[in-house]
Amino acid sequence: MTLEIEYVGFAAGVLTTFGLLPQAYRMLRTRQARDISLTWAATTALGVALWLFYGVVKQSPSIITANGFTLLLFAVIIAIKLRHG
């Protein structure tokens, strides 16, 4: 994979991953998760885990990094949902 394509991958990963930050932050701050669907969070987290696996197999740093952070954010969201949902 060319370096330029990896930069595009990193840019896409930053945008999609940081899109979850406001939601995770709000849930941590308010300790509320009633409007979050556990089904949505779990299925999306599973998809992200599969993307992470794919990135590892393809040895793509951008896919690995983005999906690793995204999976971490979904773990926080799911934990708050289960605890305060």
Side-chain angles (χ1 to χ4, degrees):
M1 206 172 296
T2 66
L3 190 57
E4 292 82 14
I5 294 299
E6 280 298 313
Y7 288 145
V8 171
F10 275 114
V14 165
L15 291 172
T16 55
T17 300
F18 284 101
L20 286 174
L21 275 176
Q23 185 64 58
Y25 176 74
R26 181 174 184 195
M27 291 173 71
L28 283 168
R29 188 173 43 87
T30 64
R31 304 283 188 223
Q32 290 185 0
R34 65 175 171 234
D35 293 335
I36 298 295
S37 165
L38 186 58
T39 303
W40 164 77
T43 55
T44 305
L46 179 58
V48 169
L50 291 173
W51 272 112
L52 177 59
F53 176 75
Y54 176 79
V56 170
V57 170
K58 296 295 259 182
Q59 299 178 344
S60 173
S62 62
I63 295 174
I64 294 167
T65 303
N67 288 290
F69 281 119
T70 303
L71 195 56
L72 180 64
L73 286 173
F74 268 107
V76 169
I77 289 170
I78 291 169
I80 294 170
K81 175 65 176 176
L82 291 174
R83 186 167 185 185
H84 300 288

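Because the structure is predicted, anything quoted here is derived from the model rather than measured.
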With sequence neighbours left out, the residues meeting side-chain contact (heavy atoms from CB on, under 4.5 Å) with Thr16 are none

Smallest separation among heavy atoms of Phe18 and Leu21, with atom names = CD2-CD1, 2.7 Å

What pairs meet the ring pair (Phe, Tyr, Trp, His ring centres under 6.0 Å) rule with one or both residues in residues 43-65, with sequence neighbours excluded?
-> Trp51-Tyr54

Show me, pair by pair, the donor-acceptor contacts under 3.5 angstrom made by side chains of residues 24-32, not counting sequence neighbours?
unit_1: Thr30; atom_1: OG1; unit_2: Arg26; atom_2: O; d: 2.8
unit_1: Thr30; atom_1: OG1; unit_2: Gln32; atom_2: N; d: 3.3
unit_1: Arg31; atom_1: NH1; unit_2: Leu28; atom_2: O; d: 3.2

Thr65 side chain to Ser62 main-chain N or O, any donor-acceptor pair under 3.5 Å?
-> no

Counting only pairs under 3.5 Å, give me each side-chain donor-acceptor contact of residues 66-85, with atom names and distances, residues two or more places apart or in other chains.
unit_1: Asn67; atom_1: ND2; unit_2: Ile63; atom_2: O; d: 2.9
unit_1: Thr70; atom_1: OG1; unit_2: Thr17; atom_2: OG1; d: 2.7
unit_1: Thr70; atom_1: OG1; unit_2: Ala66; atom_2: O; d: 2.8
unit_1: Lys81; atom_1: NZ; unit_2: Ala33; atom_2: O; d: 3.0
unit_1: Lys81; atom_1: NZ; unit_2: Ile36; atom_2: O; d: 2.8

Can I get a per-line list of side-chain donor-acceptor pairs under 3.5 Å for residues 7-15, giving both atom names and the distance, sequence neighbours left out?
none

